[in-house]
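Some notes on the structure that comes next.
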Amino acid sequence: MNIFDFIKKKQQHDKITMVTCYDYTSARILAKTSVDCLLVGDSVAMTMHGFKDTLSATLEMMCFHTSAVCRGAGDKFVISDLPFLSYRKSLSKNVSAAQALMQAGAQAVKLENAAGNLQLIRHLTESGIPVMGHLGLTMQLMHTLGGLKVQGKTQEGAEKIRQDAIALQEAGCFALVLECVPNGLAKSITQQLIIPTIGIGAGPDTDGQVLVYQDLLGLNIDFKPRFVKTFIDGHEQVKNGIEDYVQAVKSGGFPNDEHSYGN
Ligand code: KIV
């Protein structure tokens, strides 16, 4: 997968699949699947570090997880999130932040929202750094959005997202994440853009879908928004596996001869 394959897939109506990934072992598993690309999302602050939102993600944290993922990702295309405020400083500092993620191994960066980012997107793409956009419910803006809620429900809100999507495409983004927007809006933006849209909580008509790894695998039982589908009951399965281990140790069933070096 490279950035041209994203547009090719859109043209061929071949859905793009993206999953978040934050560590080497998970990347090794994902590398053996047919998923198209991996996102080292700033949701790492929540899923791996237990923070309540993504505002605690730092550039250092993103680089650390990006390099671990890239060591396990094989030939999967890896996109890494520019964290909160890391791209809202001087052009030079913003470029350095993107450079750090690319040098950690990412093939592209993702940033949230359009306003104030268009010049940077042009500069990055002209400098060899592909950029994925992200509109709708963008958590880095949660306090100015007045909380975590579906975006684009009013005509004015929908029009703003549409105009931002066009602006991101014109600035050079190769793909766009649409998060928590009404299905109809996601569908019409998808039809209007040349670049592919990747939805999360945006209905079935985007060019692709993204889910958080822990949500997809049912590992996260504390939080289940409406748009999440768990494909296996990972929490229960992992817990049962560990209980089986505890019981085997207590009963003397483990280790047996098979798992010992003899006398
Ligand atoms: O950080 C993340 O997990 C994301 C996805 C929700 C798209 O940005």
Side-chain angles (χ1 to χ4, degrees), residues 6 15-23 26-27 30 35-59 61-66 68-69 73 76-87 97-98 101 104 106-114 117 130-142 145 148-152 161 164-165 168 173-181 186 189-190 195-203 206-217 219-220 222-230:
F6 280 81
K15 292 270 186 185
I16 297 162
T17 52
M18 180 158 87
V19 176
T20 69
C21 184
Y22 317 101
D23 67 278
S26 304
L30 287 161
V35 75
D36 290 312
C37 51
L38 313 186
L39 170 67
V40 187
D42 59 357
S43 50
V44 68
M46 302 165 76
T47 55
M48 301 298 280
H49 294 268
F51 289 107
K52 66 181 190 323
D53 54 49
T54 60
L55 305 195
S56 302
T58 63
L59 187 59
M61 188 190 285
M62 294 308 302
C63 287
F64 180 73
H65 288 279
T66 299
V69 167
K76 296 292 180 196
F77 191 85
V78 176
I79 303 125
S80 183
D81 262 346
L82 280 161
F84 184 53
L85 296 184
S86 67
Y87 52 102
L101 295 180
Q107 277 98 49
V109 300
K110 177 166 78 60
L111 54 75
E112 296 187 359
N113 297 297
N117 295 331
V131 181
M132 178 177 274
H134 187 163
L135 294 174
L137 175 54
T138 48
M139 199 183 261
Q140 291 178 18
L141 241 62
M142 61 186 275
L145 294 177
L148 300 176
K149 47 193 176 197
V150 177
Q151 299 295 305
I161 295 173
D164 282 351
L168 288 177
C173 285
F174 70 95
L176 171 65
V177 170
L178 286 174
E179 179 165 355
C180 291
V181 298
I189 291 175
T190 299
I195 61 170
T197 57
I198 300 180
I200 176 162
T206 50
D207 298 304
Q209 296 290 329
V210 53
L211 271 183
V212 166
Y213 183 82
Q214 282 74 359
D215 291 345
L216 184 167
L217 297 180
L219 293 169
N220 176 9
D222 300 327
F223 175 67
K224 191 172 182 300
R226 185 189 170 109
F227 60 77
V228 166
K229 178 172 161 71
T230 55

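One-based numbering, in listed order, for ligands and for the atoms of each.
Formation of a donor-acceptor pair under 3.5 Å by the Asp36 side chain with backbone atoms of Met18 is not found in this model. Formation of a donor-acceptor pair under 3.5 Å by the Lys76 side chain with backbone atoms of Val35 is found in this model. Here the side chain of Gln107 pairs no donor or acceptor atom with the backbone of Ser80 at under 3.5 angstrom. Checked by atom type and distance alone, the side chain of Asn220 pairs as donor or acceptor with a backbone atom of Asp222 at under 3.5 Å.
In this structure, atom 8 (O) of ligand 1 lies nearest to the protein heavy atom Lys110 NZ, 2.9 Å. For atom 5 (C) of ligand 1, the nearest protein heavy atom (residue, atom name, distance) is Leu39 CD2, 3.9 Å.
If you number the atoms of ligand 1 from 1 as listed, the ones under 4.0 Å from a heavy atom of Gly41 come out as 1 (O), 2 (C). Under a 4.0 Å criterion applied to the non-hydrogen atoms of Thr20, ligand 1 contributes the atoms 3 (O). Counting atoms of ligand 1 from 1 in the listed order, those under 4.0 Å from a heavy atom of Ser43 are 1 (O), 2 (C), 3 (O). If you number the atoms of ligand 1 from 1 as listed, the ones under 4.0 Å from a heavy atom of Asp81 come out as 1 (O), 8 (O). Atoms of ligand 1 lying under 4.0 Å from any heavy atom of Glu179, numbered from 1 in the order shown and given with element: 6 (C).
Contacts between Met139 and ligand 1 below 4.0 angstrom, taking non-hydrogen atoms only, are absent altogether.
Checking each of Thr206, Asp207, Thr197 against Thr190 for a side chain to side chain donor-acceptor pair (under 3.5 Å) leaves exactly one that passes, namely Thr197.
Summarising the geometry, atom CD belonging to Gln151 is positioned 7.0 Å from atom OG1 belonging to Thr138; distances are rounded to the nearest 0.5 Å.
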